[in-house]
Each structure stands twice: as C-alpha cells, then as structure tokens.
K.L.:
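Take a look at the following structure, please.
Just so we're clear, the structure is a prediction, and the values are computed from it rather than from any experiment. Lettering follows sequence order; numbering is per chain, from 1.
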Amino acid sequence: MRRTTVSDALVVAAGTTAADAVAAAGLPSNGPKAIVVVKDPSGRLRDLDWAPAADTEVEPVALDTPDGLNVLRHSTAHVLAQAVQATFPEAKLGIGPFITDGFYYDFDVEKPFQPDDLGKLEKKMQEIVKSGQTFRRREYASLDEAKAELAHEPYKLELVDIKGDVDDSEVMEVGGGELTHYDNIDRKGERVWGDLCRGPHLPSTRLIPAFKLMRSAAAYWRGNEKNPQLQRIYGTAWASRDDLKAYQTRLAEAERRDHRKLGTELDLFSFPDEIGSGLPVFHPKGGVIKREMEDYVRARHIEEGFQYVGTPHISKEGLFHTSGHLPYYKDTMFPPSHMEGADYYLKAMNCPMHNLIYRSRGRSYRELPLRLFEFGSVYRYEKSGVIHGLTRVRGFAQDDSHSYVTAEQAPGEIKHLLNFVLSLLRDFGLDDFYLELSTRDPESDKFIGSDEQWEIATKVLEDVATESGLELVADPGGAAFYGPKMSVQAKDAIGRTWQMSTIQYDFNQPARFGLEYQAADGTRQEPVMIHSAKFGSIERFLGVLVEHYAGAFPAWLAPVQVVGIPIRDDHGDYLQEFADKLRKQGIRAEVDHSTDRMQKKIRTAQQQKIPFMAIAGDDDVSGGTVSFRYRDGSQRNNVPLDEAIAHVVEVVRSRTNAGPTA
RNA sequence: GCCGCCUUAGCUCAGUCGGCUAGAGCGACGCACUCGUAAUGCGUAGGUCGUCGGUUCGAUUCCGACAGGCGGCUCCA
C-alpha cells in the first residue's frame with residue numbers, strides 16, 4: 001500500500017467536505033486525472049461529499065489510479081443495475097463488485113438475458129451516465145430500517161443478516177461495521193434509484209468515461225453450487241476511451257494467441273468428437289513439439305538424478321484404496337470395468353504405482369533420495385463444463401516424479417526440486433514466477449494425518465518457498481488430502497498466470513503402503529514422499545507454450561525449422577541438397593516444391609511461423625549460397641552454404657528461445 | 001454438473017420468414033505461368049446443413065432429446 005506523502009496530502013477541514021478541499025487545492029474534477037474519492041488516514045476510501053468531524057489529512061485518489069478504477073467500476077455496476085431494473089422491473093438484485101478490468105452484477109430475473117439485451121442495457125446505461133446522477137450515501141439507523149426498505153430485495157436482505165461474515169472485496173454491499181445505502185439523485189434532486197452498498201462511489205455518473213458490457217452468464221448465488229443461479233452481466237470500465245480501446249486490443253491479442261485456434265491453423269492437434277470430449281490427438285507437427293518437450297525433460301530429469309520408469313494405465317481398484325485416493329476421487333475417475341472378478345480403474349494418478357516400484361524390494365538409506373520419474377498417462381472424468389482446449393482435458397500425461405527421502409532430507413530435496421522446476425520453465429522461455437502455498441483447512445475432514453504432521457510438512461514447504469525469494473501467496477484449504485502443496489505460477493508473454501508445477505509433501509502414502517528403508521543403525525524407517533510435476537501435464541504446457549509464443553515457437557521446438565524456397569522451380573534441387581545436409585544434422589528442414597510463386601511460398605512459410613526461410617535463385621546457385629529470411633522479416637542474403645548450415649545448427653542446438661533474426 | 005448461446009465443405013463464414021440444382025473465400029487437386037522477399041490466372045472436386053426422433057404434403061430451416069463446441073458458474077488430486 002502506498003504511504004501518504006506530504007506532497008500529495010490534502011487537509012479536509014472539520015465541517016467541510018472532501019470535495020471542498022479538492023476544489024480549494026485546484027485539483028482536476030474532470031477527465032482521467034479527476035479526483036473521485038479520497039483516502040483517509042486509516043486507508044479507507046471516502047466519497048467526496050464525506051465531511052469529517054475534525055480536520056483530517058487525506059490523500060486524493062484520481063480516476064486512473066488502481067483505487068480510482070475500482071471505484072469507477074463499482075459505480076458503473078450500480079449504473080448497470082439501475083438500467084436492468086428500469087428495463088426488467090421484476091429483476092432482483094444480487095451483488096455487484098468490481099473485478100480485474102471491470103465489474104459484474106448478479107440479478108434474479110425470470111428469463112436469462114439474451115445477447116441483444118446487452119445492447120439495450122448499454123444504451124440505457126449511456127442515458128444514465130449522461131444524465132449526471134449523483135451518488136448520495138445514507139446510513140441506516142438500524143437493522144430494522146434497512147430490512148424494511150429492502151423488503152422487496154430478498155438477496156439484499158440475506159446480506160444484511162450476514163453482514164458480519166462477508167467483508168471482502170467481492171461483496172461490496174455490506175461491511176465496515178455499518179449499513180449504508182447509496183441513492184442516485186438526478187439533476188432535479190429527485191431520488192431515481194438506490195442500492196444497499198458500503199461504497200464509495202464517484203461523485204457523479206457523468207465521470208464514467210468509457211464502459212462496455214461484455215457478456216452474460218449464470219452464476220450461483222454466493223458462489224455455492226447448492227444455491228440458485230442468478231444471471232450475471234460482466235462489464236468493463238476505463239478512465240478514458242483510449243484505455244477501453246487498449247483493453248479491447250489486449251483481448252483481441254489474447255484471442256489471436258488462443259491455442260485452440262492456433263492448434264488448428266498450425267495443424268498441431270485436434271479433438272475428434274468420435275474419441276470424446278477432452279481427449280486430444282496430436283498431429284505430426286504437434287507431435288514434434290510434444291516429442292521435443294518430452295525428450296528434453298526426460299534428459300534433464302536423468303541429469304538431475306531421476307530414474308525413468310514406466311507404469312500401466314489401468315489398475316485393480318484395491319491399489320487406489322490402499323493409496324486412499326478412491327474415496328476422495330471416485331467421482332472424477334472413469335467408471336471401472338469389471339474383468340475376471342476384479343474392478344479395473346483407469347488411473348488418475350501415478351503415485352500408487354511408483355510406490356509399488358519402491359516397495360518391490362528392500363531399500364537402504366544409502367539409496368535415498370530415490371527419485372522415480374515418468375510421463376504417466378492419467379485419466380480424469382472432468383465435468384463436461386470445465387473442459388477447455390489442452391489446458392483442461394480428460395486424458396493427459398503428467399511429467400510426474402516421486403522422491404523418496406528421509407525426513408531430514410526432505411527440505412534439501414524440496415529445494416532441489418524447486419530449483420529444478422524453475423530452471424526447466426526458464427529453459428522453455430517462462431521466467432516470471434510466483435509461488436502458491438496450499439495448506440489444509442482445519443475445519444474440513446477431507447485432510448488426513450495428524451496436526452503435527454501437517455505442521456511439519458507445511459513448515460518445510462514454507463521455508464523453502466520463503467528462501468527462494470519469490471513472491472509467496474497463501475491458498476488456505478487448497479492442499480491435497482495427503483499433504484500440503486507448493487505450486488509455481490508462471491506468467492506468460494501477455495501477463496496471464498498459469499499454474500504449472502506442483503511440489504507436494506506426502507506423509508500419508510508411505511504409511512498406507514508400508515514403505516520403509518533400512519537406516520544406518522539397522523532399524524526400519526518410513527520415508528517421506530515428495531510428489532512433483534514440472535509442467536503439470538505435457539498437454540497443458542504445450543497449450544500454454546502455444547499461447548506464450550503465439551505459435552511462433554523457438555527454433556529448437558518449431559515443427560519445421562527451415563523451409564527452402566526456390567525462386568524458380570529449377571532452383572528446387574539445389575535447395576533440396578541444402579535441406580538434406582541440414583537433415584543429416586538433425587534439423588527439420590523441408591523444401592517447398594509446390595507450384596506456387598515464391599511470394600506465395602514466403603507467405604505460407606510466414607503463416608506457418610517457420611523460423612528460417614532459405615531462399616535461392618540464380619545468384620545463390622551460382623555463388624554457392626542461400627539467402628535467409630527470418631520469421632520477423634529480417635534478412636541475411638547470400639550466405640555460403642557451410643556457414644548457413646552452421647548458423648541454423650547453432651541456433652537450434654543452443655535452444656535459445658529468442659529469434660532467430662538477422 | 002448448472003445457465004445461456006452455438007453446430008452448413010478440411011478451415012472461416014453466407015443463406016433458407018418450411019418448397020425445385022445450398023453459396024463464397026481460403027485450403028486440396030489439375031492446367032497454364034517460371035517469377036528475388038506476405039496471396040499469378042483459369043478450371044475441377046468436395047456438403048445425407050452434428051445425430052436421432054417429432055410436427056408437416058414437404059424439414060438443413062420449426063419442436064424435443066442426445067452429442068460436440070463457446071462463454072460463465074461450480075470444480076480442478
């Protein structure tokens with residue numbers, strides 16, 4: 001939080017309003033820099049018509065600041081609610097908070113909103129904005145007064161009753177220990193609308209410079225599946241028209257990078273209906289990327305002391321009883337098939353099978369840490385509504401490892417894993433991370449193990465996370481049933497975060513499987529097991545990489561690395577020889593022998609985002625050279641063949657994630 | 001799983017207020033062109049309009065169920 005500094009502090013004199021002080025200081029009241037609220041010494045935002053009882057130093061907050069935008073967005077939500085109730089008088093109000101980049105408001109309406117309703121509502125909102133209504137705060141004297149006024153708003157009534165429990169940024173209706181209402185007053189001084197709300201708000205709707213309704217969707221009341229669904233309208237609002245346009249450009253950019261779209265365009269993968277929802281197939285070009293990822297990750301694991309293993313896709317159900325998974329995850333496992341008196345499940349996790357490998361013979365403390373790794377195919381019956389491209393599928397390969405260590409070795413192993421995970425992500429071009437620590441919810445009975453075990457395990461993860469120096473975010477209640485979890489969240493090229501790697505401390509499964517090792521003193525001890533997935537799933541990570549690179553993969557991952565483009569047909573053989581030499585060096589090189597004109601071939605290669613185009617015409621053939629055109633449009637003409645080959649090989653083998661460029 | 005919207009050629013999309021041979025661009029294929037840095041021209045093939053059922057003289061069009069997709073919600077070991 002920013003500290004109030006003397007230079008931008010403002011004093012609101014007792015008995016006068018913040019607006020008076022803002023005006024006296026000559027601060028702007030219009031445009032993106034307009035002062036819309038002030039921050040009091042306790043850090044609380046106050047409306048401009050707030051009048052403190054004593055002289056108070058405040059910090060003016062402009063519309064285009066993070067706080068100012070939140071106020072703008074929440075105020076716009078009120079305008080939306082007013083427009084909805086004007087258009088659909090029977091609509092009951094839910095909640096309407098600001099969110100990242102915008103706001104939403106939930107309504108109980110008889111019929112869900114139709115796409116063209118949004119346009120009508122937007123128009124109505126424009127009218128309200130233009131009419132310059134002011135927001136006026138009013139405190140309820142008592143609970144009963146509030147209830148009487150809100151008798152026709154059942155959801156608001158509910159909020160009034162539970163106001164003590166809901167005091168977070170999502171629920172702006174109540175909080176701060178008092179019940180307040182905001183009335184919208186038109187230019188004639190008449191009250192035209194109002195809403196239970198803790199505020200604060202813009203001084204006037206006129207200060208809403210740019211907004212847009214984005215979509216409507218259903219949402220469960222107070223986020224609980226058991227509750228009725230309300231109809232939610234999402235909108236966005238900005239301090240200027242240009243900011244709104246920039247936001248829309250940002251959305252368009254994200255859409256351009258969508259891996260589902262690029263997956264089709266670049267012929268990487270598809271989701272045949274005939275196979276089933278959430279079950280991708282990789283085409284040859286997607287297969288190349290997948291294989292490169294797997295080969296590299298496998299090699300790095302072996303370098304880091306992991307042993308590559310293999311396990312089947314199905315198992316008798318007893319295994320998942322032993323591991324303890326079945327009671328918790330039966331709903332998300334594919335139903336079993338019954339064969340020869342046993343129920344076989346498709347596996348949804350690999351750890352039980354790795355435990356059996358560990359247990360296959362006696363283990364010595366000298367073997368620890370014992371690290372098992374594989375690309376384990378798992379199947380999870382995700383609810384139909386959550387399936388999304390490659391990032392949420394029903395069948396996928398985890399780059400899964402389990403480290404079996406002594407309790408003393410656990411911190412060192414976790415540190416080792418975290419560093420390894422981060423270095424792998426960096427190798428693939430992701431380098432902006434933060435960590436999340438998922439702990440158990442002591443209230444829930446989902447989690448097994450003693451308080452002490454949880455405490456130790458959580459502390460170990462927390463210490464390593466803190467030591468890493470990365471930002472650490474708490475995720476209470478997000479742990480696995482068998483132990484706490486640390487996850488790496490990575491930011492992609494356009495700033496979106498993806499949960500990638502997880503490291504989990506497990507003190508339950510070793511006991512359930514009776515895992516042990518013989519210690520130096522001859523006693524039998526139980527190891528600790530540390531689960532770790534580096535990318536989470538290969539499929540998901542591939543999807544993230546497609547979006548991160550917008551399909552323009554680094555040369556080492558590109559499905560086709562070099563394409564030869566002859567100027568005339570008769571330059572094709574020359575380029576084919578060049579390509580053959582590259583292929584001998586392990587480079588994926590092709591020549592475009594189609595009947596297209598060379599300009600068209602360049603366009604095609606450009607659309608396929610191929611890193612190197614090698615062009616040759618008469619000049620190059622007679623000079624023994626090729627001319628490079630890179631993906632970014634830059635060029636290097638008439639490069640001698642040997643040099644050209646060395647250049648491509650160097651760029652590919654370096655695994656650089658940049659370029660290539662001239 | 002819940003709510004809403006959607007499904008027409010390999011891809012992107014027109015179209016049919018229920019009626020005779022359902023269109024376009026890109027892609028594919030063929031022919032001509034042989035060209036120095038993002039689309040040469042002409043031609044050909046390709047669709048039981050997601051599936052099943054209903055209404056109707058007649059359904060790609062209207063209704064229902066199912067499947068798949070999209071956007072949210074919930075969930076995400």
K.L.:
Where the side chain of A:I387 is concerned, which of B:rG69, B:rC73, B:rC33 is the nearest nucleotide?
P.N.:
B:rG69

K.L.:
Ring centres under 6.0 Å, that's the criterion: do A:F98 and A:F103 meet it?
P.N.:
no

K.L.:
Roughly how far apart, to the nearest Å, are B:rC63 and B:rG4 at atom P?
P.N.:
14 Å

K.L.:
Does the plane of the ring in A:Y379 sit parallel, tilted or perpendicular to the ring in A:H313? Use 30° and 60° as the thresholds.
P.N.:
tilted

K.L.:
Assert yes or no for the condition that the ring centre distance of A:Y104 to A:Y234 is strictly below 6.0 Å.
P.N.:
yes

K.L.:
Indicate, with a heavy-atom threshold strictly under 4.0 Å, whether A:A348 touches base, sugar-phosphate, or nothing.
P.N.:
base

K.L.:
Which of these nucleotides, B:rA38, B:rU74, B:rC35, is closest to any side-chain atom of A:V386?
P.N.:
B:rU74

K.L.:
Does the ring center of A:F628 lie less than 6.0 Å from the ring center of A:H647?
P.N.:
yes

K.L.:
Of all the nucleotides listed (B:rG72, B:rA77, B:rU74), which has the minimum atom distance to the side chain of A:R380?
P.N.:
B:rA77

K.L.:
Answer yes or no: side-chain N or O of A:Q229 and base N or O of B:rC2 forming a donor-acceptor pair under 3.5 Å.
P.N.:
yes

K.L.:
I'd like to know if A:Q599 reaches the base of B:rU37 with its side chain such that a donor and an acceptor end up less than 3.5 angstrom apart.
P.N.:
no

K.L.:
Report which part of the nucleic acid A:D570 touches: base, sugar-phosphate, or nothing (heavy-atom distance under 4.0 Å, all strands).
P.N.:
nothing

K.L.:
If you check every side-chain atom of A:R597, which of B:rU40, B:rG36, B:rC3 has the closest atom?
P.N.:
B:rU40

K.L.:
Under 4.0 Å between any heavy atoms, over every strand shown, what does A:Y482 touch: base, sugar-phosphate, or nothing? Just pick one.
P.N.:
sugar-phosphate

K.L.:
Go through B:rG71, B:rG68, B:rA38 for me and flag the one nearest to the A:R260 side chain.
P.N.:
B:rG71

K.L.:
Can you check the A:H388 NE2 to B:rC76 P distance for me, whole Å?
P.N.:
18 Å

K.L.:
Which part of the nucleic acid, if any, lies within contact of A:Q231, taking any heavy atom under 4.0 Å across all strands shown: a base, the sugar-phosphate backbone alone, or nothing?
P.N.:
sugar-phosphate

K.L.:
Name the residue closer to the 5' end of RNA chain B, choosing between A:T604 and A:Q114 according to the nucleotide with the nearest heavy atom.
P.N.:
A:Q114

K.L.:
B:rA77, B:rG36, B:rC76: which one has an atom nearest the side-chain heavy atoms of A:R392?
P.N.:
B:rC76

K.L.:
With no angle test and no hydrogens, is the base of B:rG72 tied to the side chain of A:Y104 by a donor-acceptor pair under 3.5 Å?
P.N.:
no

K.L.:
Looking at every strand, decide which applies to A:Y328 at a 4.0 Å heavy-atom threshold: base, sugar-phosphate, or nothing.
P.N.:
nothing

K.L.:
Which nucleotide wins on minimum distance to the side chain of A:Y220, given the candidates B:rA38, B:rG1, B:rG36?
P.N.:
B:rG1

K.L.:
Among the candidates B:rG1, B:rU40, B:rG69, find the nucleotide nearest to the side-chain atoms of A:S277.
P.N.:
B:rG69

K.L.:
What about A:T332: does its side chain form a donor-acceptor pair under 3.5 Å with the base of B:rA77?
P.N.:
yes

K.L.:
Taking donor-acceptor contacts at under 3.5 Å, does the side chain of A:S216 reach the base of B:rG72?
P.N.:
no

K.L.:
Among the nucleotides B:rA77, B:rA38, B:rU40, which one has an atom lying closest to any side-chain atom of A:R603?
P.N.:
B:rA38

K.L.:
May I ask you to say what A:D569 touches in the nucleic acid, namely base, sugar-phosphate or nothing, with a heavy-atom cut-off under 4.0 Å?
P.N.:
base

K.L.:
What I want to check is whether an N or O donor and acceptor connect the side chain of A:D620 with the base of B:rG36 at under 3.5 Å.
P.N.:
yes

K.L.:
Please tell me which of the listed nucleotides, B:rG72, B:rU37, B:rG1, lies nearest to the side chain of A:R215?
P.N.:
B:rG72

